[in-house]
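This one's a predicted model, so the numbers in the text were calculated from it and none came from an experiment. In what follows, chains are A, B, ... by sequence order, proteins preceding strands, each numbered from 1. The figures here come from the full heavy-atom set of this structure, side chains too, leaving out hydrogens, waters and symmetry mates.
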There are 2 protein chains.
Amino acid sequence: MKKITIADVAKQAEVSKSTVSQYLNKRYDYMGEKTKKRIQKAIEELGYQPNFVARSLKQKSTKTIGVIVANILHNFTTEVTRAIEDACHGADFHTIICNADDDPVKEKHYIEMLRAKQVDGLIIFPTGDNRDLYQQMLDASYPVVFLDRKVEEMPVTAVMLDNERAAELAVDHFAEKGYERVSLMTTSIFNHVTPRMERIEGYRSALRKNGLAVEEEYIVSADQDEMQEALEKLLQTEQPPEAILAGNDLVLIEVLKYVKHKGLRVPEDLAIIGIDDVSFASFYTPSITTVAQPTFKMGRMGAELLLDKIDKKDKQMSPFYRFEPKLMVRDSV
Amino acid sequence: MKKITIADVAKQAEVSKSTVSQYLNKRYDYMGEKTKKRIQKAIEELGYQPNFVARSLKQKSTKTIGVIVANILHNFTTEVTRAIEDACHGADFHTIICNADDDPVKEKHYIEMLRAKQVDGLIIFPTGDNRDLYQQMLDASYPVVFLDRKVEEMPVTAVMLDNERAAELAVDHFAEKGYERVSLMTTSIFNHVTPRMERIEGYRSALRKNGLAVEEEYIVSADQDEMQEALEKLLQTEQPPEAILAGNDLVLIEVLKYVKHKGLRVPEDLAIIGIDDVSFASFYTPSITTVAQPTFKMGRMGAELLLDKIDKKDKQMSPFYRFEPKLMVRDSV
DNA sequence: CTGAAAGCGCTTACAG
DNA sequence: CTGAAAGCGCTTACAG
């Protein structure tokens, strides 16, 4: 079955391709009623579907954006991504999601591939290790928005959580409940990922603010597959912490696994707060106190900022947008 | 900054566009070494990036597939989608994911939009209500694979769970543990969604096989927002069930919320099995017995089947692929 | 009010 | 071994 093109429609309707094109683009300004009807009829009879690729080539817009996430396994990422898709859908844009898997090489490959595919802009959860590429996009004024993380010295619009505040909310809550020995666990900080560094910073200053000592051994970063070991080590010391702040959802899961495995009681033996309001927090037993990120708002904001840039409604935007975390008080502390 | 095109490279390297194109496509057959070098040099100097859209127009292949899921909120969907993306990535294909939100109108819109964008094929979790469109794609031999669900009388390759077996595994396990009054809860069956219908069927026959009575009141289907009410009604009868089979992850969550709210003990007051091996099943308290779907395998198979079709390696494939569910025995029954 | 023509950035059969 | 030319399916400035 041969593809129907605009030429076929034109022939069938006995008008020129130009006129059909005008019709398709709803530039009816001076178009005769009968012409419209004829074209409409021809389109229906032939079952014509415009070829978006051809249009994209000419118009230099694919109505598609790319989203490169650092790691799709985070619940946060999934939710933000969903919000981005929703917002884009509203603007008739498609999204191509790519998972860099925390690997700068993959990230580079995706950036290049997506740009070759002429996506109109990119939302990136940057690994941070492709500064030259980021810079190149900046220089070319190619529309980019960073999400969740920023890259030092790169004036790229970034949508982020107020991470220090997130850690502070948790530490304050622990302090309020009388806990003094509070640990912070995060996944690897090898790449100096913004949220992790900032959460550690916020944790430190919040402890000080509450007159609590900062024990360096209580700050632990480990890869997910080493987390059980790290927990064992952390909790088998002379003076183990009474409370743990899990730096993200994956850490929280590891903590809960450990707790279950060891038969610890929460919060009696160990109090827990997790950053990221995971789905099961509310109906877990005990229900888990969390610090929620406004994932939906953040995703939408990221998408809107990018779409504005694409639309040149840019007008010198402030580079960083910070979002307020929210403490969800439940029973685990 | 003007876009660099193949013409610029050709000029810089003092060869023709054709030759550059050959080079890009690695058709080196008769290309002189110095020519290659010159082109390579020009590409680097200019920072040339091929325009994939132009190539797509000519080659009639976008190296992109579309995935239209019925409802992205299911954990199953997220996992399958991830597997599809992985498999496609391996074949240098991109994926555009669209969420039809169980709405046939949205589904139609997405199918048309993606085809206009000339995606090379489509994986669809069909709502089932766009038979004409499905048929049209079949007639045009456009590459399509259904996932999770099939559509009656549509000979479209479909990748599905052995749903009857999934229900049977659960019922057998309940029976083995001595439970006699077993309920099955599913989300709405308004559209006769394949897995739900088949699970109900499997549940019925497994009860019979185990010599247990089929109580029609124990088979309940409700939308998510009516689930609590439905549970209340189900469990406040004269002879309430002692066990519930949650038809999917969303139902399971509603059941757990109810249980927590009412302070029921699991499995003493109510035994539970969920179809879909949710992330928290293993570290929930009590840990939840589930029937796992091989989401990764199913997604990969769907992608491979589609890529084969696109590649015309089709050769009359069997229309349905069934995957074996697996019982994950834990503490909730 | 409508059409002929050029062009978007590639690829490819063909000529030499 | 390499190049000129046509063409993929559209859009758009311009002419009439």
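- Here Val15(B) lies in heavy-atom contact (under 4.0 Å) with sugar-phosphate atoms only.
- Note on Thr35(A): only backbone sugar-phosphate atoms sit closer than 4.0 angstrom, heavy atoms only; bases stay farther off.
- Per the geometry, NZ belonging to Lys63(B) stands 18 Å off P belonging to dC10(C), to the nearest Å.
- Taking only side-chain nitrogens and oxygens, Lys36(B) never comes nearer than 4.0 Å to OP1 or OP2 of dC1(D).
- Taking atom CG of Leu24(B) as the reference point, atom P of dG9(C) lies 15 Å away to the nearest angstrom.
- At whole-Å resolution of the value, CD in Glu14(A) and P in dT2(C) are 13 Å apart.
- Each of Ala54(B) and Lys34(B) was matched to the nucleotide of DNA chain D holding its nearest heavy atom; the match closer to the 5' end belongs to Lys34(B).
- Taking 3.5 Å as the limit, the base of dG9(C) and the side chain of Lys58(B) contain no donor-acceptor pair of atoms between them.
- Picking from dT11(C), dG9(C), dG3(D) the nucleotide with the shortest atom distance to the side chain of Thr5(B) gives dG9(C).
- With salt bridges taken as basic N to acidic carboxylate O contacts below 4.0 Å, one links Glu33(B) and Lys36(B).
- No donor-acceptor contact under 3.5 angstrom links the side chains of Arg115(A) and Asn51(B), judged on distance only.
- Remark: the Asp139(B) side chain and the Gln135(B) side chain contain an N/O donor-acceptor pair separated by less than 3.5 Å.
- Phosphate contact (OP1/OP2 of dC8(C), side-chain N/O of Asn51(B), threshold under 4.0 Å): absent.
- For DNA chain C, runs of at least 3 consecutive pairs of the Watson-Crick or G-U wobble type, with both hydrogen-bonding distances under 3.5 angstrom, map to C:1-3 with D:14-16, C:5-12 with D:5-12, C:14-16 with D:1-3.
- Here the P atom of nucleotide dC10(C) and the CZ atom of Phe52(B) are 12 Å apart, to the nearest Å.
- For Arg82(A) and Phe296(A), the positive end is not near the middle of the six-membered ring at less than 6.0 Å and at most 45° from its axis.
- Atom P of nucleotide dG9(D) and atom CZ of Arg55(B) are separated by 17 Å, given to the nearest angstrom.
- Considering only side-chain N and O atoms, Ser21(A) lies nowhere under 4.0 angstrom from the phosphate OP1 or OP2 of dC10(D).
- Proximity of Ser16(B) to the phosphate of dG3(D): a side-chain N or O atom is located under 4.0 Å from OP1 or OP2.
- Using a 4.0 Å cut-off between charged nitrogen and carboxylate oxygen, Arg149(A) and Asp102(A) count as a salt-bridge pair.
- Proximity of Gln59(B) to the phosphate of dT12(C): a side-chain N or O atom is located under 4.0 Å from OP1 or OP2.
- Open room surrounds NZ on Lys108(A); 12 or fewer heavy atoms of other groups in view lie less than 6.0 Å from it.
- Contact of the Val159(B) side chain with the Asp148(B) side chain is not registered, since no non-hydrogen atoms from C-beta on lie closer than 4.5 Å.
- Nearest to the side chain of Leu57(B), among dC10(D), dC8(D), dT11(D), sits dC8(D).
- Looking at heavy-atom distances under 4.0 Å, Lys17(B) makes contact with a base.
- Per the geometry, CG belonging to Asn25(B) stands 12 Å off P belonging to dA13(C), to the nearest Å.
- Few gaps surround CD on Gln40(B); more than 12 heavy atoms of other groups in view lie less than 6.0 Å from it.
- Note: NZ (Lys11(A)) to P (dT2(C)) measures 20 Å, nearest angstrom.
- Among the heavy atoms of the strands, none lies under 4.0 Å from Tyr23(A).
- The side chain of Ser18(A) lies closest to dA5(C), out of dG9(D), dA5(C), dC10(C).
- Tyr48(B) has its OH atom 7 Å from the C1' atom of dG9(C), to the nearest Å.
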